[in-house]
Amino acid sequence: MKLFNTLTQSLEEFVPIENTVRIYVCGVTPYDTTHLGHAFTYVSFDTLMRYLEHIGYGINYVQNVTDIDDDILRKAPQMGLTWDELGRREIERFLNDMDSLNVRRPTVYARATEEIPYIIELIEKLLNVGHAYVNEGCVFYSVTQDAEFGSLARAIGLKDYNAMLTIANDRGNYPEDKRKKDPLDFVLWQAQAPGEPAWESPWGPGRPGWHIECSSMSMHFLGQQIDIHGGGADLAFPHHTCEIAQSEHATGLTPFSRVWMHTGMVYQEGEKMSKSLGNLTLVRNLLKEYSSDAIRIVLQSHHYRYPWECFPEDLKIAAETADLFKQVRTLIGDTLQGEDQMLRNRFKASMNNDLNTPEALLLLRHAAKEALTTSNLSLGSEVLRLTAVLGLSA
Ligand SMILES: [Zn+2]
């Protein structure tokens with residue numbers, strides 16, 4: 001199977017470390033409701049997991065939840081909740097939405113607040129090798145100490161220090177902090193601010209920075225090196241760029257992840273779907289009108305790597321496709337009979353080509369129509385075997 005590696009900007013033959021694939025996908029920060037952009041990311045990786053299993057791999061899949069961060073602390077009081085009440089409520093909602101979309105739960109669903117001792121250990125390693133410094137109860141990663149910093153950022157076109165700094169500032173990821181030696185340095189341990197929750201550490205009470213959580217959880221649950229690290233395209237910089245720097249310097253091992261995979265952003269009326277813009281298509285609302293299969297199909301009709309815009313027309317077509325697969329189920333019943341090697345091979349060829357689900361779905365649509373018009377039971381049975389690999393429930 002070939003997968004596109006964001007870090008090398010090329011299609012590479014996928015060769016995992018062992019037969020059980022170690023994969024880490026950055027999860028949500030639970031303070032708002034699941035929208036179509038989230039669904040695209042997690043359905044894409046769910047499809048990848050299902051397909052890897054289908055071709056014979058084992059799966060060890062870790063997803064995290066950033067259950068403490070600035071946004072949660074800001075949002076919770078506005079909603080009359082404590083930060084951990086808001087976190088718990090939104091995690092529950094997110095998991096329910098994912099269950100509704102037939103997204104299988106990861107092997108480990110890791111929470112930042114349960115990871116603190118491991119995070120502290122990792123920060124201590126970075127201090128020991130001289131890649132971090134302490135200032136007034138905070139610990140920062142020192143970018144100027146790191147000549148290789150930014151390999152992933154450069155791969156996605158951020159050519160130099162200034163380009164990185166502009167994006168970091170734009171995204172609000174790097175609030176000005178006089179305690180930093182360099183504006184691009186990022187926080188590993190944030191000293192407690194008045195009224196904020198805090199955990200004890202060798203540098204005083206505080207909480208972990210965002211980037212270090214993922215490095216820590218990835219290493220803790222999957223080992224120092226993994227096969228696939230993924231997330232939305234907006235995570236490539238700074239989040240994943242910072243993860244690579246701190247992980248590889250803490251362990252001395254390269255690469256931290258063999259493949260970096262990023263899902264395209266979902267747009268609505270020409271704008272990126274985002275909480276701040278308020279142009280969200282919520283999964284919960286879509287489920288009132290469309291079946292889970294129809295929603296999965298609309299997502300899988302777009303290649304995971306590219307940005308796309310969701311139009312109502314696409315949902316209608318997806319619903320028709322879901323209906324077509326249902327008709328095949330009615331034709332075949334519960335007992336599958338016969339095979340169609342040609343369809344299976346073509347499906348495999350599409351999926352082996354960087355998880356080309358749009359092409360795979362098109363094949364299955366054509367095959368479903370043919371099976372229905374000719375009452376071809378072998379072809380129909382094969383269609384149902386393969387829609388199951390895509391996580392469809394027809
Ligand atoms: Zn992450």
Side-chain angles (χ1 to χ4, degrees), residues 5-7 22-32 34 37-38 40-42 44-46 48-49 60-72 87 90-91 94-95 98 105-116 118-119 122-123 126 141 149-153 155-156 164 167-168 171-174 186-190 207-251 255-265 274-275 304:
N5 186 353
T6 313
L7 187 58
R22 308 173 195 181
I23 173 160
Y24 185 96
V25 175
C26 290
V28 289
T29 300
Y31 71 95
D32 222 329
T34 322
H38 297 127
F40 187 50
T41 294
Y42 301 110
S44 295
F45 283 106
D46 178 61
L48 175 64
M49 299 303 111
N60 194 356
Y61 174 22
V62 176
Q63 201 188 111
N64 71 300
V65 52
T66 303
D67 55 353
I68 179 83
D69 94 326
D70 292 341
D71 289 322
I72 298 175
E90 292 304 323
I91 289 169
F94 170 74
L95 290 174
M98 290 300 113
R105 300 221 173 166
T107 320
V108 177
Y109 194 59
R111 292 166 198 232
T113 54
E114 291 169 4
E115 184 68 14
I116 309 286
Y118 301 95
I119 294 173
L122 189 56
I123 297 174
L126 286 167
Y141 185 87
F149 182 80
S151 49
L152 184 59
I156 58 161
M164 287 190 249
I167 297 284
R171 297 228 169 108
N173 292 132
Y174 285 58
F186 56 90
V187 71
L188 300 170
W189 187 261
Q190 178 87 43
R207 58 187 165 94
W210 173 34
H211 311 313
I212 198 76
E213 288 171 15
C214 284
S215 287
S216 178
M217 289 188 261
S218 180
M219 289 186 205
H220 174 191
F221 294 106
L222 297 172
Q224 294 186 319
Q225 293 179 293
I226 65 169
D227 298 307
I228 301 171
H229 196 116
D234 54 349
L235 295 185
F237 181 82
H239 187 51
H240 290 160
T241 300
C242 297
E243 276 193 57
I244 291 175
Q246 64 203 3
S247 305
E248 293 185 356
H249 283 294
T251 63
F256 169 46
S257 175
R258 291 190 168 196
V259 185
W260 287 85
M261 288 177 73
H262 293 96
T263 49
M265 298 287 107
S274 78
K275 288 163 201 166
Y304 78 86

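Whatever order the structure lists them in is the order used to number ligands and atoms, beginning at 1.
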Does some side-chain heavy atom of Ser218 sit less than 4.5 Å from a side-chain heavy atom of Val62?
no
What's the shortest heavy-atom distance between Asp69 and Asp71, and which atoms?
OD1-N, 3.1 Å
Tell me, please, if His240 has any N/O/S atom, main chain or side chain, under 2.8 Å from the Zn ion (ligand 1)?
no
Quick check for you: to the nearest 0.5 Å, what is the distance between His240 atom NE2 and Phe256 atom CZ?
8.5 Å
To the nearest 10 degrees, how large is the angle at the Zn ion (ligand 1) between Cys214 SG and His239 NE2?
110°
Where do Val25 and Tyr42 land on the side-chain contact (heavy atoms from CB on, under 4.5 Å) test, with the steps shown first?
CA-CA 9 Å; Val25 175; Tyr42 301 110; 3.9 Å; yes
Is Cys26 close enough to the Zn ion (ligand 1) to have an N, O or S atom under 2.8 Å?
yes
